[in-house]
Every structure is written in structure tokens, then in C-alpha cells.
Amino acid sequence: MANASISHVSEEEENYLRMDLMLSSISPRAVRVLFDKEFHPSCLEASIKKECGKLNDLKKKRVINAAHWNLLFPRSGVPNSTNFDVTLIATLIRNLTTLPTPSCGYDKLPLSTDTSATADLARIKYYRNKLAHINDGKLKSAVFASEWEDICGVSGGISEKQKSTISHCM
């Protein structure tokens, strides 16, 4: 049996992999906690049905794609936020809640002084999109350190910042 050798992973590649894991696995769980406070799982289906007109408009504008539509209106069963990605969650929070819009909007990195739950959602979305456009799978250590600190603060605290539950079941 031949010895398998694993090639060396550079520090910049390791930074990229760590950030990818944080943004693809850990951060979405934090975002889902915020989402589930706004759209409690027990009334998610009713909330979606209630907002069907708005959702249909978003679909026509191509804000919601076919895959997301199928998650919102599954052929069998009921919608479940554990199946929703950050993009869909951000779209629903942005368009169907009264939560305040981050100071720079949802499509830019919020100011460090904006520590609202929606600003944290925008941060996660921003860093995830930025990482998706890195072609070489490397992230410089200085950039990683700064972004890691920012995103870890978000992932640990997003659910704590949104204390009240807004009922969309009514």
C-alpha cells in the first residue's frame, strides 16, 4: 500500500478555507436564528402564504429564483427555514419584515458603528459574496484577521441582538 501524501496548504489557502467554513456552515445558523424569531417555524407556512402577493412580485422581478420559490412553496410538506440559504433569508427579512435597514443598505459592508441584527446579516452576505469571487482560493493574512474578527462577532451575536419576536402569523 503506497503512502498517500498530502500537499502542503499555504497559510493564505488555510485562511480561505477557514473563512469559507465560517460563512457556509456557521454563519447561516446564526442568520437562521434571527429569521426564526421573525418567522417562527410554527407559523412559517402561514406567513409565506400571507405574503404570497409580495413574493410573487419578487419572483417576477427575479429577486427570488425558481429554486428559492420551490423552497417557499414545496410540492409536498411545508417550508422549513433549515432549507433556506443566506440569500433567501436576507431577501425575506429585507422585504417582509419591518426590521430597520442597515445604514449602508443590505448590499454594502455596513459601518462598524452599525451593530444592528440587520447590519450583521448584511455583513455575512457581503463577506460571503466577496469570498465567492476569490478565484485563487487564497486570502491574505492581514485581510483574514480583520474579516475573521468582524464575522466572528456577527456569528456569535446576531441572535442576541434581536430580542423581540415579531409574529407574522396574524
Side-chain angles (χ1 to χ4, degrees), residues 2-39 41 44 58 61-72 80-166:
N3 287 342
S5 68
I6 299 174
S7 62
H8 177 71
V9 175
S10 72
E11 183 177 339
E12 290 179 344
E13 290 168 326
E14 184 178 333
N15 293 341
Y16 177 89
L17 292 170
R18 285 182 182 204
M19 187 65 77
D20 184 54
L21 179 62
M22 173 64 81
L23 293 169
S24 65
S25 179
I26 298 166
S27 294
R29 287 184 237 157
V31 170
R32 195 163 293 108
V33 170
L34 170 64
F35 181 84
D36 287 346
K37 285 184 177 191
E38 291 299 313
F39 299 93
L44 179 60
L58 292 170
K61 294 176 185 175
R62 298 182 183 198
V63 173
I64 293 178
N65 63 35
H68 286 154
W69 187 261
N70 291 336
L71 293 173
L72 294 169
N80 186 330
S81 69
T82 59
N83 299 323
F84 297 178
D85 62 13
V86 171
T87 300
L88 180 56
I89 288 173
T91 298
L92 296 174
I93 287 176
R94 181 180 196 168
N95 291 282
L96 303 181
T97 73
T98 59
L99 290 175
T101 301
S103 57
C104 295
Y106 281 96
D107 300 322
K108 294 182 181 177
L109 183 62
L111 301 172
S112 60
T113 55
D114 189 348
T115 59
S116 66
T118 52
D120 285 347
L121 174 58
R123 279 184 186 86
I124 290 170
K125 187 174 170 274
Y126 174 85
Y127 287 126
R128 194 195 51 153
N129 290 343
K130 182 179 176 187
L131 194 72
H133 290 94
I134 294 175
N135 294 324
D136 64 358
K138 296 178 182 178
L139 192 58
K140 294 186 186 292
S141 293
V143 172
F144 171 77
S146 172
E147 293 179 359
W148 183 259
E149 185 176 328
D150 200 18
I151 205 69
C152 283
V154 167
S155 295
I158 194 169
S159 61
E160 294 300 315
K161 293 175 184 171
Q162 186 61 26
K163 297 290 185 190
S164 65
T165 301
I166 300 173

Can you pull the ring pair (Phe, Tyr, Trp, His ring centres under 6.0 Å) pairs that have at least one residue in residues 115-134, sequence neighbours excluded? none
Is the side chain of Ser81 donor-acceptor paired with the backbone N or O of Phe84 at a distance under 3.5 Å, no angle test? no
Apply side chain to side chain contact (heavy atoms under 4.5 Å, CB included) to Asp85 and list each qualifying residue two or more places apart in sequence or on a separate chain. His68, Thr87, Leu88
May I have the step-by-step check of side-chain contact (heavy atoms from CB on, under 4.5 Å) for Asp150 and Leu109, ending in yes or no? CA-CA 11 Å; Asp150 200 18; Leu109 183 62; 4.2 Å; yes
Taking only residues two or more places apart in sequence or in another chain, which ones pass side-chain hydrogen bond (donor to acceptor under 3.5 Å, both in side chains) with Ser10? Glu13
For the CG atom of Leu111 and the SG atom of Cys104, what is their distance to the nearest 0.5 Å? 4.0 Å
Applying side chain to side chain contact (heavy atoms under 4.5 Å, CB included), can you list everything that pairs with Asn135, at least two apart in sequence or on another chain? none
Could you work out, with salt bridge (Lys or Arg N to Asp or Glu O under 4.0 Å) as the rule, every residue matching Arg18, not counting sequence neighbours? Glu14
Selection residues 9-28 - residue pairs positive for ring pair (Phe, Tyr, Trp, His ring centres under 6.0 Å), sequence neighbours left out: none
Which heavy-atom pair separates Ser112 from Arg123 by the least distance, and what is that distance? CA-NH2, 3.8 Å
Rounded to the nearest 0.5 Å, what separates atom CD1 in Ile151 from atom CG in Asp120? 8.0 Å
What is the distance from atom CD of Glu38 to atom CG of Leu96, rounded to the nearest 0.5 Å? 10.5 Å
Could you list all the salt bridge (Lys or Arg N to Asp or Glu O under 4.0 Å) pairs where at least one residue sits in residues 24-35, not counting sequence neighbours? none
Contacts of Phe144 meeting ring-ring contact (aromatic ring centres under 6.0 Å, His included) (sequence neighbours excluded), chain-then-number -> Trp148
Nearest heavy-atom contact between Pro110 and Ala122 is CG-CB, 3.8 Å
Test side-chain contact (heavy atoms from CB on, under 4.5 Å) on Leu23 and Glu147; report intermediate values, then the result. CA-CA 11 Å; Leu23 293 169; Glu147 293 179 359; over 6 Å; no
CG of Asp36 to CG of Leu44, rounded to nearest 0.5 Å, is 8.0 Å
Spacing of CG belonging to Asn83 relative to CG belonging to Asn70, to within rounding of 0.5 Å: 11.5 Å
For Glu12, enumerate each residue passing the salt bridge (Lys or Arg N to Asp or Glu O under 4.0 Å) test, keeping only those at least two apart in sequence or located in another chain. none
According to salt bridge (Lys or Arg N to Asp or Glu O under 4.0 Å), does anything in residues 96-114 pair up with another residue at least two apart or in another chain? List the pairs. Arg94-Asp107, Asp107-Lys125
Closest contact, heavy atoms only, Ser24 versus Pro28: O-CG, 3.6 Å
Between atom CG of Leu72 and atom CG of Leu58, what is the distance when rounded to the nearest 0.5 Å? 10.0 Å
Considering non-hydrogen atoms only, spot the tightest contact between Thr91 and Asn95 and give its length. O-ND2, 2.8 Å
Side chain to side chain contact (heavy atoms under 4.5 Å, CB included) against Ser141, all qualifying residues, sequence neighbours excluded: Glu11, Asn15
With Lys140 via salt bridge (Lys or Arg N to Asp or Glu O under 4.0 Å) - residues at least two apart: none
Return the minimal non-hydrogen interatomic distance between Leu92 and Phe39, and the atom names on each side. O-CZ, 4.2 Å
Thr118 side-chain N/O to Pro100 backbone N/O, donor-acceptor pair under 3.5 Å: yes
